[in-house]
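Note on naming: letters A, B, ... go to the chains in the order of the sequence lines (proteins, then strands), and numbering restarts at 1 for each one.
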Amino acid sequence: MSGRKTYSLVEIAAALGIEYRGQPDTQLRGIASLGLAGPEHLSFLSNIKYKPFLDNTLAGAVILHPDLAVGFTGNCLLSENPYLMYARTSAIFDSTLKPRAGVHPTAVVVSEYIHDSVSIGANCVIEEDVTIGEGSVIAPGVVVGRNSRIGKNCYIHANVTLYHNISVGDECIIHSGVVLGADGFGFAPGPSRWEKIHQLGGVQIGSQVEIGANSCVDRGALEDTVIGNNVILDDQIMIGHNVIVGDGTAMAAGCQIAGSAVIGKNCTLAGNVGVVGHITIADNVHITARCLVSKSILQVGSYSGTIGVSASTEWRKNAARFRKLDELYRRVALLEKQLKLNDESEG
Amino acid sequence: MSGRKTYSLVEIAAALGIEYRGQPDTQLRGIASLGLAGPEHLSFLSNIKYKPFLDNTLAGAVILHPDLAVGFTGNCLLSENPYLMYARTSAIFDSTLKPRAGVHPTAVVVSEYIHDSVSIGANCVIEEDVTIGEGSVIAPGVVVGRNSRIGKNCYIHANVTLYHNISVGDECIIHSGVVLGADGFGFAPGPSRWEKIHQLGGVQIGSQVEIGANSCVDRGALEDTVIGNNVILDDQIMIGHNVIVGDGTAMAAGCQIAGSAVIGKNCTLAGNVGVVGHITIADNVHITARCLVSKSILQVGSYSGTIGVSASTEWRKNAARFRKLDELYRRVALLEKQLKLNDESEG
Amino acid sequence: MSGRKTYSLVEIAAALGIEYRGQPDTQLRGIASLGLAGPEHLSFLSNIKYKPFLDNTLAGAVILHPDLAVGFTGNCLLSENPYLMYARTSAIFDSTLKPRAGVHPTAVVVSEYIHDSVSIGANCVIEEDVTIGEGSVIAPGVVVGRNSRIGKNCYIHANVTLYHNISVGDECIIHSGVVLGADGFGFAPGPSRWEKIHQLGGVQIGSQVEIGANSCVDRGALEDTVIGNNVILDDQIMIGHNVIVGDGTAMAAGCQIAGSAVIGKNCTLAGNVGVVGHITIADNVHITARCLVSKSILQVGSYSGTIGVSASTEWRKNAARFRKLDELYRRVALLEKQLKLNDESEG
């Protein structure tokens with residue numbers, strides 16, 4: 001952390017293009033949450049529930065909505081969107097070193113289409129006819145199969161695997177353990193055994209995509225599997241063959257999308273959502289954690305499907321009743337009928 | 001794709017051993033779905049719901065059931081099982097290059113039991129006493145631990161890890177990121193901490209098995225974990241220690257099988273099915289997506305356990321009622337009693 | 001297996017510090033379950049349900065609770081806690097070879113802070129300023145990022161990835177495919193796209209921690225993600241950014257803990273439990289398989305949230321009724337009101 005550069009309040013305000021109040025030369029060398037920040041830290045208030053921390057914060061400066069800055073006497077940066085400004089300052093304070101351009105002597109690079117500015121780490125393997133664009137970093141241990149293409153300014157972290165005929169756009173970040181282009185799960189039942197359907201399609205990843213650790217995107221059966229631009233995928237996500245994910249869609253960890261599902265633009269899938277194959281989800285749909293989406297969703301909206309947790313003793317009783325729910329329903333219908341008969345017999 | 005070889009209709013008919021109708025010398029250079037195919041493509045109709053696409057397809061030839069070929073005037077290949085014939089043509093049109101035999105100079109191969117026809121890619125590590133059979137391919141970055149065995153004509157994709165004492169049969173495909181033989185999850189609560197139960201068993205994988213990307217099969221505690229012949233596992237599957245999976249069973253992505261579960265032959269587990277430990281599932285059982293199988297299933301049949309998705313507002317109401325289901329059940333029972341009393345008092 | 005050393009009954013009793021009965025020089029060369037053991041095997045009885053196997057076992061010796069040893073005429077080792085003694089004998093019989101100290105010539109080691117007794121395998125990459133303590137083993141293909149620290153007597157299995165600024169304590173075991181320190185999932189919605197929140201925190205792993213294959217622990221947004229001492233994590237677990245896991249907590253395969261959740265000490269999460277972000281789970285909480293914990297759990301106890309599996313035909317009926325559960329509840333309330341009215345009109 002000692003290599004982290006220091007910025008003054010006025011420098012940060014200029015970098016973000018927003019106004020500030022207070023001492024312009026206040027030196028800041030990192031970001032911290034309101035409760036943990038010291039005088040050397042920039043902090044931010046983006047959620048009203050943390051407002052009580054503002055009064056006692058020791059932060060050197062705080063990014064604030066102008067309405068919440070009223071009466072605040074410390075240094076501050078004013079924005080209608082403090083959370084977005086926090087995201088942008090996180091880039092300023094990110095001191096992670098970018099590896100130098102060049103091919104490490106232990107890397108095995110067969111392709112000739114690698115831009116001079118690319119960094120290829122130790123023990124990478126880059127096969128025939130691979131293209132890698134300007135400014136991209138390929139960290140150690142990455143394997144890129146024949147005829148694949150990685151755009152400009154991508155960061156492919158250590159031990160990622162790309163199979164052949166995979167295309168990744170510009171400014172993508174692919175985290176360790178990701179596998180792009182393994183065979184989709186296609187088999188025909190033959191007379192004596194499962195017979196493999198060779199997966200002849202590839203994978204297309206758009207630009208400004210981030211894919212979390214140990215996620216998989218399988219190659220298509222005939223056509224390609226397609227991930228749009230600015231899609232953000234968390235860790236351990238599974239995208240089956242021939243899935244199409246629209247631009248700007250976000251998925252939290254562990255989502256599992258079965259083959260040929262089509263997911264719209266700007267959707268948000270919370271953790272471990274499952275989507276069955278061959279269905280469609282419209283644009284701007286939100287799905288809460290752990291739902292199984294078993295049929296198409298064609299209307300914008302928020303969708304749910306999990307009950308959550310109870311004390312085990314209580315849960316067991318309700319779950320047991322669930323197994324009698326159809327019976328219960330019929331018993332209620334019978335009661336209604338009897339009561340109606342009673343009413344009639346009394347009427 | 002330009003390297004893809006072209007085949008004539010008659011050649012394909014001969015390769016598949018089925019009849020054809022139309023121009024024998026029609027040249028085909030790939031497979032496409034009915035709606036996207038051009039004159040250079042072979043297509044197929046295996047699901048009656050796509051029949052409308054048949055009338056307008058531009059495909060150079062179509063694999064068809066004889067009953068559906070009646071009245072079809074284009075080139076066609078006739079089969080009782082078009083989907084299986086599609087699987088077999090996918091092998092014909094798969095132009096993926098197989099790496100050459102030989103050990104890449106950057107690979108570290110300690111074992112002496114590697115057949116001359118094997119291809120070992122860059123940066124692989126093959127430890128002592130490993131046996132690898134004729135025609136197998138070990139892609140870059142694979143690590144195979146001491147005393148493991150890989151059969152004939154296997155394809156082990158990049159960055160796979162096999163621990164020691166792992167056995168893989170013939171004609172298996174293991175996708176990138178798979179880990180075979182990590183320690184099963186065994187610990188005894190000791191006086192001050194969890195104490196590790198060293199996992200002394202291995203893993204046995206049968207022949208004609210395919211394992212999808214980032215899946216894990218843990219080594220056994222005492223005896224081996226066993227995967228039968230022709231088992232097909234999709235991505236991100238987790239097989240715990242001492243599980244036994246019967247021949248011909250298929251699991252879609254994300255299935256999680258806890259320790260010592262025994263799964264029969266020819267079962268099909270849809271995506272993300274969970275199976276708790278120490279239970280048994282009979283042969284030929286089908287389990288739908290995302291079920292948690294919490295007790296043994298001893299009868300053939302189809303089993304389910306997930307409710308699916310609703311609009312969140314509607315779901316919240318039903319889920320809240322679920323938490324009162326036992327109470328509701330009791331209220332209905334009371335109503336029934338009251339009504340019976342009423343009836344009796346009226347009778 | 002042939003290299004496995006043989007121990008006598010008296011040697012094992014001495015190593016475990018417990019009493020034995022029978023022939024002191026009985027030679028034992030492995031462990032097996034009661035039903036499979038032969039005269040060369042040590043076995044154990046820790047679960048009363050396996051008592052019937054004791055009568056017919058061929059085991060050379062059995063670890064038994066003194067109460068169950070009454071009337072047993074074979075060789076035995078006596079312990080109040082046979083399962084714990086089994087765990088300890090598993091360490092005695094574990095013949096896995098530990099790699100020799102030293103750096104393999106194909107490893108790329110930039111750091112100068114590696115203890116001489118460390119073993120670094122083929123094709124590892126150890127970046128600048130990494131510290132690795134006495135007796136640790138780094139298996140082939142591991143990548144350790146700049147400024148990370150691994151304690152004493154750790155075993156980092158093949159193809160593990162540690163990013164920069166990751167700290168691992170002493171006596172930890174990290175299985176293949178694990179990724180420590182990938183970016184947490186943090187993005188702010190910007191005017192035209194998701195904007196990345198750079199993840200400036202690290203990961204701290206305590207001592208005596210085991211992490212299963214293909215699990216991920218993401219780095220923190222500002223502060224670190226923290227895993228306590230003696231935490232045991234099975235395969236394919238996902239720990240989000242800024243999660244805190246208390247000492248002694250165990251999680252079975254596939255658990256998914258979303259960002260900033262705080263999990264207490266000595267908790268046990270069964271397979272594939274999900275925990276949403278920013279909630280708290282108290283110490284000593286047990287959660288059964290596949291629950292989604294969607295709110296804080298502040299009381300010790302066992303919690304559940306899954307219904308399990310039924311025959312699909314039966315399930316479909318109950319699940320359909322579930323979607324009418326709120327309606328059913330209202331109908332019952334109406335019936336109750338009507339009956340009450342009836343009672344009153346009759347009264």
Side-chain angles (χ1 to χ4, degrees), chain B residues 106 108 123 125 141 143 145-146 159 161 163-164 177 179 182-183 185-190 193-198 200 214 216 218 222-223 236 238 240 256 258 274 276 287-288 291-295 297 301-305 307-308 310 317-318 321-322 324-325 328 331-332 335 338-339 342, chain C residues 30-33 36 83-84 86-88 90-91 93-94 96-97 104 106 121-123 139-141 157-159 175-177 208 210 212-214 230 232 234-236 248 250 252-254 271-272 289-290 306-312 315-316 319 322-323 325-326 328-329 332 335-336 339 342:
Chain B
T106 61
V108 176
N123 295 328
V125 181
V143 177
R146 185 188 294 261
N159 287 330
T161 307
Y163 282 53
H164 57 286
V179 177
D183 286 343
F185 195 61
F187 296 86
R193 61 175 184 96
W194 294 108
E195 298 197 17
K196 183 173 177 68
I197 298 170
H198 293 253
L200 308 178
N214 285 341
C216 306
D218 282 358
L222 294 172
E223 290 82 35
Q236 296 183 341
M238 156 65 195
Q256 299 163 323
V276 305
I287 304 176
T288 63
C291 285
L292 175 64
V293 182
S294 48
K295 55 185 183 186
I297 295 179
S302 174
Y303 295 82
S304 298
I307 295 170
S310 306
K317 283 187 284 188
N318 290 322
R321 297 309 190 190
F322 176 83
K324 304 276 187 188
L325 190 51
L328 181 66
R331 282 163 63 179
V332 170
L335 285 172
Q338 283 183 270
L339 260 182
N342 281 355
Chain C
I31 311 174
S33 52
L36 295 171
Y83 195 62
L84 181 59
Y86 155 50
R88 291 180 180 173
S90 75
F93 285 106
D94 187 356
T96 313
L97 292 177
H104 193 277
T106 60
N123 295 327
H157 283 274
N159 287 330
H175 285 284
S176 293
Q208 297 180 324
E210 183 157 345
N214 284 341
N230 195 224
I232 51 175
D234 197 355
D235 297 355
Q236 295 184 341
N272 197 218
R290 291 229 162 175
T306 46
I307 295 170
V309 79
S310 306
S312 295
W315 178 267
R316 271 195 295 268
F322 177 83
R323 296 174 174 287
L325 189 52
D326 184 55
L328 181 66
Y329 198 91
V332 169
L335 285 172
E336 289 171 330
L339 258 184
N342 281 356

Would you tell me whether C/Arg316 and B/Ser304 have side-chain atoms, one donor and one acceptor, within less than 3.5 Å of each other?
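Not at all, the side chains of C/Arg316 and B/Ser304 share no donor-acceptor pair under 3.5 Å.
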Is there a side-chain contact between [X] and [Y] in this structure, where contact means two heavy atoms from C-beta onward sitting under 4.5 Å apart?
| X | Y | result |
| --- | --- | --- |
| C/Leu97 | B/His164 | no |
| B/Val125 | C/His104 | no |
| B/Thr161 | C/His157 | no |
| C/Glu336 | B/Gln338 | no |
| B/Arg146 | C/Thr96 | no |

Step by step, would you call C/Leu328 with B/Arg321 a side chain to side chain contact (heavy atoms under 4.5 Å, CB included)?
CA-CA 9 Å; C/Leu328 181 66; B/Arg321 297 309 190 190; over 6 Å; no
Only counting residues at least two apart or in another chain, list the ones meeting salt bridge (charged side-chain N to carboxylate O under 4.0 Å, His left out) with B/Glu223.
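None.
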Flag the one option from B/Gly301, B/Gly186, B/Ala182, B/Cys216 with the top tally of heavy-atom pairs under 4.5 Å to chain C.
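Result: the option with the highest number of such pairs is B/Cys216.
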To the closest 0.5 Å, what do you measure between [atom1] ([X]) and [atom2] ([Y])?
| X | Y | atom1 | atom2 | answer |
| --- | --- | --- | --- | --- |
| C/Phe322 | B/Ser310 | CZ | OG | 7.5 Å |
| C/Ile232 | B/Arg193 | CD1 | CZ | 10.5 Å |
| B/Trp194 | C/Gln208 | CH2 | CD | 13.5 Å |

Contact part of [X] toward chain B, heavy-atom cut-off under 4.5 Å: side chain, backbone, both or neither?
| X | result |
| --- | --- |
| C/Asn230 | both |
| C/Thr106 | side chain |
| C/Leu84 | both |
| C/Leu339 | side chain |

Aromatic contact, C/Phe93 with B/His198 (centres under 6.0 Å)
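For C/Phe93 and B/His198, the ring centres are not under 6.0 Å apart.
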Side chain / backbone / both / neither for B/Thr288 at chain C, heavy atoms under 4.5 Å:
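For B/Thr288, the contact with chain C is made by the side chain alone.
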Please enumerate all residues that pass ring-ring contact (aromatic ring centres under 6.0 Å, His included) together with C/Tyr329, with sequence neighbours excluded.
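Partners of C/Tyr329 by the ring-ring contact (aromatic ring centres under 6.0 Å, His included) criterion come out as none, since no residue qualifies.
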